[in-house]
Number of protein chains: 2
Amino acid sequence: MNLKTDLDSARDYSQQIAQTIRDAIIAGDLPVDGRLPSEGDLAARFGVSRPTVREALKRLAAQNLIRTQRGATGGAFVNRLNFEQAQEHMVTMATLLLSMNRVDFETAVEARFSLERTCLPLACTRRGPEHLARLRSEIARQAIDGLTDEGFCASDVAFHRALVDAADNPVLSWHLAGAVEAMQPLMNMITYTARSRAQIIALHSALACALEDRDLAAANAAMDELNAYTLELGSEIRTRRDRNRS
Amino acid sequence: MNLKTDLDSARDYSQQIAQTIRDAIIAGDLPVDGRLPSEGDLAARFGVSRPTVREALKRLAAQNLIRTQRGATGGAFVNRLNFEQAQEHMVTMATLLLSMNRVDFETAVEARFSLERTCLPLACTRRGPEHLARLRSEIARQAIDGLTDEGFCASDVAFHRALVDAADNPVLSWHLAGAVEAMQPLMNMITYTARSRAQIIALHSALACALEDRDLAAANAAMDELNAYTLELGSEIRTRRDRNRS
DNA sequence: CAAGTCTTATATGTCAGACATATCAAGGCA
DNA sequence: TGCCTTGATATGTCTGACATATAAGACTTG
């Protein structure tokens with residue numbers, strides 16, 4: 001637990017302190033669930049005031065690297081980063097990336113389906129009955145009459161999430177689920193007619209059946225169709241929007 | 001620029017304030033490069049003190065959502081999240097995920113090569129001469145006699161980075177490069193013999209040639225071999241380690 | 001008149017000390 | 001023994017102040 005305590009007075013102290021502690025965590029010098037020195041201690045070590053140390057700790061808390069607890073035995077503890085939290089971060093980041101960089105619909109869709117396709121070989125091999133059940137249950141929900149658009153989109157995401165989980169590789173699931181969920185805002189625009197819902201449900205069913213039969217070629221074909229149909233809907237939306245504008 | 005200013009007194013103010021501003025940024029209420037109210041203003045609006053507001057802003061700064069600038073026309077500005085910054089974050093996160101969750105080598109390697117393979121179809125279609133040049137140049141560097149292990153690993157990462165960039169889809173590049181770079185710490189262990197270097201260089205060359213010929217089957221085959229060889233080296237390392245331990 | 005310099009206003013960065021509050025542990029009391 | 005009180009310690013927050021960076025306007029000077 002020896003931290004470099006010499007700071008460059010030209011740059012933000014809180015940033016440098018955060019970086020020092022972050023490096024220590026990444027290097028494994030601070031064990032998971034280990035307790036950091038108290039804010040007062042850290043302030044004394046770095047030769048800064050407590051508010052400055054607090055700003056540094058808040059930076060780390062924002063990245064889920066530490067958690068804080070009040071009370072006598074409280075303090076700042078190194079978090080075990082879990083896949084769920086990390087995924088939230090990734091979705092937030094990916095969503096912002098897409099919206100702030102004017103990524104066009106085709107590029108995003110291409111990336112999404114390219115990525116999602118990677119789970120199919122593994123999913124065909126490893127899918128268990130519980131994965132098939134999840135897929136079927138989401139398909140059933142999507143077919144409910146009177147389901148709201150929000151409900152349909154949520155179930156759509158859950159379906160694809162189940163699909164990537166069927167590959168039974170948590171690291172892969174993390175990457176792919178992040179990619180899929182980040183697309184949700186873009187996908188929300190295109191599933192608002194009964195016709196498109198029926199078509200999407202049909203393709204979902206085809207995917208589920210392909211997984212059940214462990215038929216990789218069929219799964220790839222269904223994914224291709226879903227890809228093409230998504231692009232088609234997207235260009236339809238654009239046409240309609242352009243017509244309204246003029 | 002209307003922010004919800006009512007806070008739940010039971011939870012951290014700085015966290016709630018950060019969440020409020022974060023939501024506004026994600027929703028697009030705060031335009032990119034737009035300036036937030038000054039810390040004093042925000043403190044007055046939320047009914048808290050300036051240090052509390054500052055902790056909130058540092059949380060956002062840690063996620064690269066805002067940048068701050070001192071001086072008369074300074075303040076906190078909404079950042080345009082770019083792919084580079086976002087990738088740094090993703091690599092940090094993925095590295096921590098792998099190291100903190102005892103992900104076994106096989107799982108990580110499987111995820112990595114599954115993901116990287118997705119760029120091959122697009123890369124075979126779209127690769128330009130500049131992509132081929134980047135690939136060849138990294139291969140040349142890897143063959144240099146006396147190259148340090150660090151240098152070899154760095155060039156290895158650069159090679160795979162060039163490979164995913166050949167797909168010419170920034171969103172895909174972002175996802176895949178993050179996955180590849182996060183593996184670097186794990187890969188560092190296995191490239192320390194001349195034998196493995198020569199083999200890896202041969203497979204890199206095979207990949208480059210396949211891309212040059214736009215031969216998807218050959219590219220996939222080379223990737224398969226690289227995958228298998230990586231696993232082989234990994235299990236070799238483990239055997240050696242186990243023998244040393246006993 | 002023009003160019004450079006000075007002043008000032010405004011913002012963030014930092015500090016010091018204080019109080020509020022949550023929490024656990026130890027000691028006291030029935 | 002079991003409950004309660006008390007104290008210690010930690011984070012959470014507030015107040016007020018000073019330091020510093022920066023740009024714009026006022027001023028001075030060639």
Side-chain angles (χ1 to χ4, degrees), chain A residues 1 3-22 25 30 33-79, chain B residues 1 3-22 25 30 33-79:
Chain A
M1 245 298 303
L3 299 171
K4 264 203 313 192
T5 54
D6 48 323
L7 300 176
D8 175 2
S9 65
R11 291 181 346 203
D12 282 9
Y13 289 156
S14 71
Q15 188 178 349
Q16 296 176 63
I17 294 171
Q19 190 59 52
T20 300
I21 299 176
R22 182 171 20 242
I25 292 175
L30 298 168
D33 291 332
R35 184 177 166 282
L36 269 62
S38 72
E39 294 173 352
D41 272 7
L42 287 172
R45 289 197 203 196
F46 285 105
V48 299
S49 66
R50 197 158 80 93
T52 302
V53 168
R54 282 182 61 78
E55 288 179 8
L57 293 180
K58 295 314 166 197
R59 294 178 117 111
L60 300 176
Q63 297 180 299
N64 265 317
L65 291 179
I66 61 169
R67 63 184 179 279
T68 56
Q69 209 173 357
R70 293 176 71 169
T73 57
F77 298 86
V78 177
N79 260 341
Chain B
M1 247 298 304
L3 299 171
K4 263 203 314 191
T5 54
D6 48 324
L7 301 176
D8 175 2
S9 65
R11 291 181 349 208
D12 280 10
Y13 289 156
S14 70
Q15 188 177 350
Q16 296 177 63
I17 294 170
Q19 190 60 52
T20 300
I21 299 177
R22 180 167 25 239
I25 293 175
L30 297 169
D33 291 331
R35 183 175 167 284
L36 269 63
S38 73
E39 295 173 350
D41 273 8
L42 287 171
R45 288 198 204 195
F46 285 104
V48 298
S49 66
R50 196 158 80 91
T52 302
V53 167
R54 281 181 61 79
E55 288 179 9
L57 294 180
K58 294 314 168 198
R59 295 178 115 110
L60 300 175
Q63 297 181 299
N64 265 314
L65 291 179
I66 61 169
R67 63 183 179 279
T68 56
Q69 209 173 357
R70 294 176 71 169
T73 58
F77 299 85
V78 177
N79 260 340

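FYI, side chains are in, hydrogens and waters are out, and symmetry mates aren't considered; it's all heavy atoms of this structure. In the text below, chain A, chain B and the rest are named by the order of the sequence lines, each starting its count at 1.
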Establish, with yes or no, whether the OP1 or OP2 oxygen of [N] is under 4.0 angstrom from a side-chain nitrogen or oxygen of [X].
X: T73(B); N: dA11(C); result: no
X: R54(B); N: dG13(C); result: yes
X: S38(A); N: dT9(D); result: no

(message) On the side chain of R50(B), is there an atom forming a donor-acceptor pair with the base of dG13(C) - under 3.5 Å, no angle test?
(response)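 Indeed, a donor on one side and an acceptor on the other fall under 3.5 Å apart.
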(request) Test for a donor-acceptor pair under 3.5 Å between the base of dT20(D) and the side chain of R70(B), counting only N and O atoms. (result)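 Side chain to base: pair found, below 3.5 Å.
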Give the nucleotide from the list [options] with an atom nearest to the side chain of [X].
X: P51(B); options: dT11(D), dT13(D), dC14(D); result: dC14(D)
X: T68(B); options: dT14(C), dG13(C), dC14(D); result: dG13(C)
X: E39(B); options: dT15(D), dT12(C), dA10(D); result: dT12(C)
X: K58(B); options: dT10(C), dG13(C), dC14(D); result: dG13(C)

(request) Could you tell me the separation between the CZ atom of F77(A) and the P atom of dT23(C), rounded to a whole number of Å? (result)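 Going from F77(A) (CZ) to dT23(C) (P), I get 12 Å.
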(request) Applying side chain to side chain contact (heavy atoms under 4.5 Å, CB included) between Q16(B) and each of V48(B), D8(B), I21(B), report the one that passes. (result)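 Single side chain to side chain contact (heavy atoms under 4.5 Å, CB included) partner of Q16(B) among V48(B), D8(B), I21(B): D8(B).
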(request) Taking all non-hydrogen atoms of both residues into account, name the closest pair between R35(B) and G75(B) and its distance. (result)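 Taking every non-hydrogen atom into account, NE-CA, 4.2 Å.
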(request) Look up atom OG1 in T68(B) and atom NZ in K58(B), then write down how far apart they are to the nearest 0.5 Å. (result)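 One finds 4.5 Å between OG1 of T68(B) and NZ of K58(B).
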(message) L57(A) vs L36(A), test: side-chain contact (heavy atoms from CB on, under 4.5 Å). Steps then yes/no.
(response) CA-CA 10 Å; L57(A) 293 180; L36(A) 269 62; 4.1 Å; yes
